[in-house]
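Here the structure comes first, spelled out in structure tokens, and everything after it is commentary.
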Protein chains: 2
Amino acid sequence: MTKKIQVVLAEDQAMVRGALAALLETEPDIAVCASAANGRDALAAIAKQKPDVLVTDIEMPEMTGLTLAGEVQSHFPQTRVVILTTFARPGYLRRALDSGAKGYLLKDRPSAELADAVRRVHQGMRVIDPDLAAEAWDSGPDPLTDRERQILWRAGEGKSSAEIADELHLSEGTVRNYLSEAISKLGASNRVEAARIARAKGWL
Amino acid sequence: MTKKIQVVLAEDQAMVRGALAALLETEPDIAVCASAANGRDALAAIAKQKPDVLVTDIEMPEMTGLTLAGEVQSHFPQTRVVILTTFARPGYLRRALDSGAKGYLLKDRPSAELADAVRRVHQGMRVIDPDLAAEAWDSGPDPLTDRERQILWRAGEGKSSAEIADELHLSEGTVRNYLSEAISKLGASNRVEAARIARAKGWL
DNA sequence: TGCCTTTCATGACATCTGTCACCTCACTTT
DNA sequence: AAAGTGAGGTGACAGATGTCATGAAAGGCA
């Protein structure tokens with residue numbers, strides 16, 4: 001047999017990280033050469049190990065998987081990236097592909113697909129969840145501006161317009177204007193629903 | 001060696017389920033005899049297999065891990081339950097223990113602890129995450145009434161007072177009263193923050 | 001029987017939210 | 001130089017939200 005496919009694993013939940021490593025180690029042609037609990041550590045491991053494939057979660061402390069994918073793409077292009085996440089959010093998929101990820105796999109999928117995805121991506125193929133790809137296509141791009149995103153995020157945390165204005169050094173009226181705009185763009189009827197929709201799409 | 005510890009696994013994310021099974025299978029004294037994607041299927045598996053230990057997630061479709069723990073406790077008391085979840089929520093821990101669970105483990109913990117927990121619980125010990133137990137102790141019991149919970153849940157989804165009133169056949173004023181009460185009990189300053197706090201504590 | 005607790009309801013009030021028309025100021029573009 | 005363009009702001013208004021005092025009806029229990 002030729003050399004095993006070297007994989008680095010990035011996932012913040014230690015239990016899941018260990019379990020995924022155990023899963024990949026059951027494959028005779030795959031070896032997990034390092035694993036990390038956040039994007040920053042993963043990047044350091046990649047610099048040292050130069051693995052064939054990175055399998056990474058998205059929501060992690062320090063550096064998200066999406067940012068990590070971008071860094072890997074620009075500094076270590078020989079390492080292919082597979083995103084492995086809970087979230088079937090069109091915005092996430094779009095950003096993942098923009099960041100150079102070659103695979104996007106959901107944690108809902110059968111565990112056998114992980115090793116498959118690693119092998120395919122290693123061979124230069126792309127592996128994208130087909131349902132999600134279709135959804136991403138017809139849900140369109142993120143309609144929010146940066147300001148709207150910042151403000152909607154805080155509103156979703158339960159902050160009042162006045163508090164948000166204070167934090168961002170804006171007037172309260174301006175904050176209300178941005179929220180109004182975001183609400184109408186998302187077809188919501190108030191800030192809470194708008195935040196919910198934006199979160200579901202992966203735009204927050 | 002004596003017979004292996006028989007484990008049933010309940011976890012809705014297929015990838016994680018498969019990975020956890022692979023992890024447990026690496027232990028020489030543990031065997032995963034069945035796994036299920038929701039509480040209902042898990043209960044059926046337990047009825048058939050009569051396993052020593054059930055390892056279950058909390059948030060699952062059809063039947064949550066907490067409800068499942070209660071069912072197992074009353075119908076199959078010889079099966080000990082270990083809750084394995086992402087959520088460090090005092091309310092979840094409390095309900096888990098009330099439902100007869102013998103273990104409560106976070107997915108943040110090192111993967112080696114899972115097999116340990118299974119062994120200990122099998123021997124009749126309890127395994128509770130110590131930090132979470134302390135937090136649960138001083139955060140007190142759920143202060144919300146059923147009505148307040150129902151209403152706060154819907155408010156957190158972005159529904160207006162009028163919509164909630166309609167859904168629950170109450171007057172709008174009554175809904176506002178309950179929300180006001182919930183907001184003050186939780187020390188929040190509006191409905192959104194109140195919902196956030198309640199979710200974080202595991203009370204929603 | 002009387003007392004207590006829950007649940008639900010009103011009305012009144014102050015404040016917060018969402019919407020809209022319109023304005024300023026600093027940049028680009030042409 | 002004139003005409004956009006985008007970020008930010010103002011003021012006004014209707015409607016939603018949060019608070020409080022008060023009260024009716026229903027069940028538990030001593």
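Numbered from 1 within each chain, the chains take letters A, B, ... in sequence-line order.
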Checklist outcome for this item: Against the side chain of B:Ser171, the closest entry in C:dC8, C:dT10, D:dG18 is C:dT10

Checklist entry - Within this structure, what is the CG-to-P distance between B:Leu179 and D:dG18, rounded to whole angstrom? => result 6 Å

Item to check | Whole-Å gap separating P (C:dT17) and CD (A:Glu193) | outcome: 17 Å

Checklist entry - Nearest of D:dC13, D:dT17, C:dC8 to any side-chain atom of A:Arg176? => result D:dC13

Checklist entry - Please give, in whole Å, the distance from D:dA7 C1' to A:His169 NE2? => result 16 Å

Next on the checklist: If the cut-off is 4.0 Å, is B:Tyr178 near the phosphate of C:dT7, judged by side-chain N/O to OP1 or OP2?
Outcome noted: no

Checklist entry - Could you give the CD1-to-P distance, from A:Ile164 to D:dG8, as a whole number of Å? => result 14 Å

Checklist entry - Strictly by modelled atom types, are B:Gln13 and A:Thr86 linked by a side-chain donor-acceptor pair under 3.5 Å? => result yes

Checklist entry - So, is B:Arg191 near the phosphate of D:dT17, with a side-chain N or O under 4.0 Å from OP1 or OP2? => result yes

Item to check | Value in whole Å for how far the C1' atom of C:dT17 lies from NZ of B:Lys159 | outcome: 20 Å

Checklist entry - Contact class for B:Asn177 (heavy atom, under 4.0 Å): base, sugar-phosphate, or nothing? => result base

Checklist entry - Between B:Asn190 and B:Thr145, which has a closest nucleotide on DNA chain C that is more 5'? => result B:Thr145

Checklist entry - How far apart are the C-alpha atoms of A:Leu168 and A:Gln150, what are their side-chain angles, what is the distance that settles it, and do they pass the side chain to side chain contact (heavy atoms under 4.5 Å, CB included) test? => result CA-CA 9 Å; A:Leu168 300 181; A:Gln150 286 174 30; 3.7 Å; yes

Checklist entry - Distance check: side-chain N/O of A:Ser180 vs OP1/OP2 of C:dT19, anything under 4.0 Å? => result yes

Checklist entry - Among the nucleotides D:dG9, C:dT10, C:dT17, which one has an atom lying closest to any side-chain atom of B:Thr174? => result C:dT10

Item to check | Donor-acceptor pair between A:Gln73 and A:Ser99 side chains, under 3.5 angstrom | outcome: no

Checklist entry - Should A:Arg147 be listed as having a side-chain N or O under 4.0 Å from OP1 or OP2 of D:dA7? => result no

Checklist entry - Atom CG of B:Asp166 to atom P of C:dC8: distance rounded to whole Å? => result 15 Å

Checklist entry - Mind checking whether B:Glu181 and B:Glu148 have side chains closer than 4.5 Å, heavy atoms only? => result yes

Checklist entry - So, is A:Ser161 near the phosphate of C:dT17, with a side-chain N or O under 4.0 Å from OP1 or OP2? => result yes

Checklist entry - Does any donor atom in the side chain of B:Arg191 or B:Ser161 lie under 3.5 Å from an acceptor atom in the other side chain? => result yes

Checklist entry - Roughly, in whole Å, what's the span from CD in B:Glu172 to P in D:dT19? => result 15 Å

Checklist entry - In whole angstroms, how far is the P atom of D:dG18 from the CD atom of B:Glu148? => result 14 Å

